[in-house]
Amino acid sequence: MSDFLHSGWALFVAVVTALSLVACLVLLAIAAKRQVMSDDNTTGHVWDEDLKEMNNPLPRWWMGLFVITVVFAAVYLAFYPGMGSAPGLLKWSSVGQYEAEQEKARAAMAPVYAQYATMTAEQLAADEKAMGIGQRLYLNNCAQCHGSDARGSKGFPNLADTDWLGGDSIDYVKKVVAEGRVGVMPPMAAAVGTTEDVKNLANYVLSLSGSAHNDLAAQLGKPKFATCAACHGPEGKGNMALGAPNLTDKIWLHGWGEQAIIKAVTQGINNPMPAQGRLLTAEQVHVLSGYVLSLSKGAKVAAAN
């Protein structure tokens, strides 16, 4: 009953439920009474000249089954939730059952993950079994946003490249996976100046990565970049400690081009990643983080070759 805003609704549901059970028995008692309507045991209703409605009582087996059904419903409501917000004598809930089953599954898998708990990222990457487990954890918990190939999409970082916003250590990745992360860029248009100033700044930002831009607008926007330098650095190379992206590469998480940058500067960015620590154990987070880092390591090896 947590969906209702007032506790009175729970009482209302409980009362209606109880009255419904009582009403069923009252209706049965009324229907079970045989009333004499005519000498030939009919109700007096005739259709198609000779089709008569009989006045027979309800079968006892049917009445008994009806009573058993009502009693079963009452007993069920006493033991299980159904009477408004009452939890029932057994205190059962679907959430409780789910958590109990999850805990049972975690206990069964604990010995499997225990052997990886002290491994470094490099050791995990070299263990084929650990990577297999990490891949399955990734597909079950991360692929919905980052893609099955981990290459992400607009607003969802590519985990298979070498670009890291806040850090590339296993401790950092474990912290983000377990606790989540919110990437925030405040709206900066008011600090930059006019609409034209924001447009010029966008062209200067594009010039930092050698992307297509308007040279004159970029020159005019260069002084305005001072409002961005506190986070992205005076040269636009970003700040990993703040999670501020490098603007000199050609990796655009929230869209490329003048309009995309103008939108980011004008409206700001709020890009949350939900915490997975409630769904995964610490050991699972450790293996999953090792797998994610192995994707980036593979990208480094590929780049070096």
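Worth saying up front: this structure is predicted, and the values here are computed from it rather than measured. Residue numbers run from 1 in the order of the sequence given.
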Got a donor-acceptor contact below 3.5 angstrom from the [X] side chain to the [Y] backbone?
{"X": "N214", "Y": "A217", "answer": "yes"}
{"X": "H286", "Y": "Y116", "answer": "yes"}
{"X": "S211", "Y": "S207", "answer": "no"}
{"X": "Q123", "Y": "T120", "answer": "yes"}
{"X": "H232", "Y": "K237", "answer": "no"}
{"X": "Q135", "Y": "G132", "answer": "no"}
{"X": "N141", "Y": "L137", "answer": "yes"}
{"X": "K224", "Y": "V192", "answer": "yes"}

Side-chain heavy-atom pair [X], [Y] within 4.5 angstrom cut-off:
{"X": "D127", "Y": "M119", "answer": "yes"}
{"X": "Y172", "Y": "R181", "answer": "yes"}
{"X": "L11", "Y": "V15", "answer": "yes"}
{"X": "N158", "Y": "D163", "answer": "no"}
{"X": "K199", "Y": "I262", "answer": "yes"}
{"X": "Q97", "Y": "Q102", "answer": "no"}
{"X": "C228", "Y": "V265", "answer": "no"}
{"X": "W256", "Y": "L206", "answer": "yes"}

Minimum-distance pair of heavy atoms, taken over all atoms of [X] and [Y]:
{"X": "V177", "Y": "S289", "answer": "CG2-OG, 4.1 Å"}
{"X": "L124", "Y": "M131", "answer": "O-CE, 3.1 Å"}
{"X": "H254", "Y": "K154", "answer": "O-CE, 3.3 Å"}
{"X": "L21", "Y": "A73", "answer": "CD2-CB, 3.8 Å"}
{"X": "F156", "Y": "H146", "answer": "C-ND1, 4.3 Å"}
{"X": "P187", "Y": "Q267", "answer": "CG-O, 3.5 Å"}

query = How many angstroms lie between CD in Q219 and NE2 in H213, if you round to the nearest 0.5 Å?
reply =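 Here the rounded value is 8.0 Å.
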request  = Find the distance between CG (L247) and CD1 (I261) and round it off to the nearest 0.5 Å.
outcome  =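 With rounding to 0.5 Å, CG (L247) is 8.0 Å from CD1 (I261).
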request  = Establish whether V13 and M83 are linked, either directly or via other cluster members, by ILVMFWY side-chain heavy-atom contacts under 4.5 Å.
outcome  =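 No: no chain of side-chain contacts under 4.5 Å links V13 to M83.
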task = Over 60° means perpendicular and under 30° means parallel, so classify the ring planes of W92 and Y80, tilted if in between.
result =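 Ring orientation of Y80 relative to W92: perpendicular.
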task = Report the relative orientation of the aromatic rings in F72 and Y76; use parallel for angles under 30°, tilted for 30 to 60°, perpendicular for over 60°.
result =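 The arrangement is tilted - the two ring planes meet at 30° to 60°.
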query = Are side-chain N/O atoms of Y291 and R136 paired as donor and acceptor at under 3.5 Å?
reply =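 No.
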key: Exercise: do D171 and S169 side chains pair donor with acceptor under 3.5 Å   =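 Short answer, no.
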task = Flag yes if more than 12 heavy atoms outside E128 fall under 6.0 Å of its CD atom; otherwise flag no.
result =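 No, CD of E128 has 12 or fewer neighbouring heavy atoms, counting only those of other groups under 6.0 Å.
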